[in-house]
Amino acid sequence: MLDTWLTRELGISVPLLGAPMGGRAGGRLAGEVTRAGGLGLIGAARYNTAEWIEGEVRTAREIGGGAVGFGLMTWALADDDSLLTAVLEHRPQLVTLSFGDPAPYIERVHEAGAVVLSQINTVDDLRVVEAAGVDAVIAQGHEAGGHTGRIGTLPLLQEVLESTSLPVLAAGGIATGRGLAAVLAAGGQGALVGTALLASPETVGPDYARGRLVEAGSADTVYTDVFDKARHQPWPARWGGRALRNAFTEEWHGRGADEDTLAAAYTGDDPDIGVVYAGEAAGLVRSERPAGEVIRGIAEQAETLLSRFR
Ligand SMILES: Cc1cc2nc3c(=O)[nH]c(=O)nc-3n(C[C@H](O)[C@H](O)[C@H](O)COP(=O)(O)O)c2cc1C
């Protein structure tokens, strides 16, 4: 068994978190990750309601047996933090507050009994979330799917491990036991897995997303803001989103088109135009496998690899 700060803190058997993925990771996916021994996080997006959260929590708990986690985008709470209130009512075991300064919210999360982590993209971010009082940090690298920073996972992980006494996890490009073993051997306490789960039947989102991911190779992603602009998502400029390349990115990425132009050209119904956020680990996802199988496979391979050094 891989015994780390993360497994001890949460009472889980595998040092893996199912990444919070707005629009793709609901209660079914989170529940299956938890059932496989990790902890699955439900991705709470700005448009999700308290009713949606209640339904997803119920599903996650039915499948996973009780424990549940959530991931929220910190910058989106500034105008309206009712999503955080709705999440905390369900007494989750863990909440991630990523992309922004979580200081205004940490006390409430702790009072609700949850562990709080932040995904960070630089050492400057580390200093901000340390001062805010998070329990651990997640070094999220540029190769990650969805919104992320500009430093690769391995250099960022090393820099963060050298710079803090907090427990450190890694996110971005971890899709096999080799990746998890590397993180643990480096001194990390666990990893978030996102892209590796995105072809699983338990994900939500458009039907074409799973097939597109299986077809994609590791060079088939692009770090871009065109989908945020096309969908009127007011992400702060420092975070782009990594998605599969398609006809829309070929046409618009890097051209500086304004929001109205991009919105007029966009439709999520067309598989050649709709966004499929995914990371460079796309090349490691070769079939539509159940989430539990993916999680167990990563953990078993990491354990085998690390046992060589005992
Ligand atoms: C489709 C998708 C949606 C995401 N949505 C969120 C989100 O709502 N909140 C968040 O903190 N991170 C989000 N992320 C980032 C993930 O939490 C995580 O950092 C990333 O998936 C890890 O890299 P990997 O995809 O290479 O495993 C998203 C990622 C993807 C692929």
Side-chain angles (χ1 to χ4, degrees), residues 16-26 29-30 33 38-48 53 56 69-77 83-84 87 94-100 102 116-121 125 129 134 137-149 151-154 156-157 169-176 179-180 182-183 190-200 203-206 209-210 212-213 216 218 220-223 227-228 231 233 235 239-244 268 274-285 291 294-295 298:
L16 288 173
L17 300 178
M21 297 186 283
R24 302 298 311 276
L29 186 73
V33 171
L39 180 71
L41 307 191
I42 296 169
R46 287 165 63 243
Y47 51 81
N48 290 140
I53 285 168
E56 298 306 306
F70 279 96
L72 289 89
M73 290 165 305
T74 312
W75 62 265
L77 299 174
L83 200 57
L84 180 63
V87 159
L94 184 148
V95 173
T96 60
L97 294 173
S98 306
F99 314 117
V116 55
L117 279 66
S118 284
Q119 303 202 63
I120 55 168
N121 306 111
D125 293 343
V129 303
V134 298
V137 296
I138 303 157
Q140 187 212 32
H142 188 54
E143 53 270 61
H147 288 82
T148 186
I151 306 171
T153 303
L154 200 48
L156 182 66
L157 175 64
L169 282 69
I174 297 148
T176 68
L180 176 60
V183 170
L192 254 79
V193 174
T195 296
L197 295 168
L198 281 177
S200 298
T203 52
V204 287
R210 289 181 284 271
R212 292 275 156 145
L213 182 66
S218 51
D220 293 336
T221 71
V222 58
Y223 182 72
F227 292 116
D228 290 330
R231 304 190 316 152
Q233 299 288 319
W235 270 86
W239 291 289
R242 184 174 297 286
L244 297 185
V275 62
V276 179
Y277 281 119
E280 292 181 350
L284 292 161
V285 181
V294 173
I295 293 296
I298 295 174

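Whatever order the structure lists them in is the order used to number ligands and atoms, beginning at 1. The chain is numbered in sequence order, starting from 1.
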Got Val134 and Leu117 here, is their nearest side-chain heavy-atom distance under 4.5 Å?
-> no
Does Gln119 approach ligand 1 within less than 4.0 angstrom via side chain, backbone, both or neither, non-hydrogen atoms only?
-> side chain
Which ligand 1 atoms are under 4.0 Å away from a heavy-atom of Phe99?
-> 10 (C), 11 (O), 12 (N)
Name the closest protein heavy atom to atom 1 (C) of ligand 1, giving the residue it belongs to and the distance to 0.1 Å.
-> Tyr277 CB, 3.5 Å
Counting each atom of ligand 1 from 1 as listed, which ones have a heavy atom of Arg24 under 4.0 Å away?
-> 1 (C)
Decide whether the shortest distance between a heavy atom of Gly173 and an atom of ligand 1 is less than 4.0 Å.
-> yes
Hey, which atoms in ligand 1 end up nearer than 4.0 Å to a heavy atom of Gly172?
-> 22 (C), 23 (O), 26 (O)
Side chain Thr74, main chain Ser98, donor-acceptor under 3.5 Å = yes
Please walk me through it: do Trp75 and Arg46 pass side-chain contact (heavy atoms from CB on, under 4.5 Å)?
-> CA-CA 10 Å; Trp75 62 265; Arg46 287 165 63 243; 3.7 Å; yes
Starting from atom 5 (N) of ligand 1, which protein heavy atom do you reach first, and at what distance in Å?
-> Gly22 N, 3.0 Å
Contacting atoms of ligand 1, where contact means under 4.0 angstrom from a heavy atom of Gly194 = 21 (O), 25 (O), 27 (O)
Looking only at heavy atoms, which two atoms of Gly71 and Pro20 are closest? And how far apart?
-> CA-CB, 3.5 Å
protein heavy-atom neighbour closest to atom 25 (O) of ligand 1 works out as Thr195 OG1, 2.6 Å
Check: Ser218 side chain, Gly283 main-chain N or O, donor-acceptor pair, under 3.5 Å | no
Under 4.0 Å between heavy atoms, the region of Ser98 that gets near ligand 1 turns out to be side chain
Rounding to 0.5 Å, atoms CG (Leu244) and CG (Leu213) come to a distance of 6.0 Å
Could you tell me which atoms of ligand 1, counted from 1 in the order shown, lie closer than 4.0 angstrom to a heavy atom of Leu198?
-> 31 (C)
Nearest candidate to atom 16 (C) of ligand 1, where distance is taken over non-hydrogen atoms, out of Pro20, Ala196, Gly146, Gly71 | Pro20
Taking the minimum heavy-atom distance to atom 20 (C) of ligand 1, which of Gly145, Ala171, Ala44 ranks first?
-> Gly145
Spacing of CD1 belonging to Ile53 relative to CG belonging to Leu83, to within rounding of 0.5 Å = 4.5 Å
Would Leu192 and Thr96 satisfy side-chain contact (heavy atoms from CB on, under 4.5 Å), going step by step from the backbone distance to the final call?
-> CA-CA 11 Å; Leu192 254 79; Thr96 60; 5.7 Å; no
Per-atom filter on ligand 1: closer than 4.0 angstrom to a heavy atom of Ala144 are 22 (C), 23 (O), 26 (O)
Which atom pair, heavy atoms only, marks the closest approach of Arg24 to Val204?
-> NE-O, 2.6 Å
Only pairs under 3.5 Å count here: list side-chain donor-acceptor contacts from residues 139-149, not counting sequence neighbours, and write none if there are none.
residue : atom : partner : partner atom : Å
Gln140  : OE1  : Asn121  : ND2          : 2.8
Gln140  : OE1  : Thr148  : OG1          : 3.0
Gln140  : NE2  : His147  : O            : 2.9
His142  : ND1  : Gly149  : O            : 2.7
His142  : NE2  : Arg242  : NH2          : 3.2
Glu143  : OE1  : Thr153  : N            : 2.9
Glu143  : OE1  : Thr153  : OG1          : 3.2
Glu143  : OE2  : Thr153  : N            : 3.3
Glu143  : OE2  : Thr153  : OG1          : 3.4
His147  : NE2  : Asp228  : OD1          : 3.0
His147  : NE2  : Asp228  : OD2          : 2.7
Thr148  : OG1  : Gly141  : O            : 2.8

Contact check, Leu197 vs ligand 1, heavy-atom distance below 4.0 Å = no
When you measure from atom 4 (C) of ligand 1 to every protein heavy atom, which one gives the shortest distance, and what is it?
-> Met21 CA, 3.3 Å
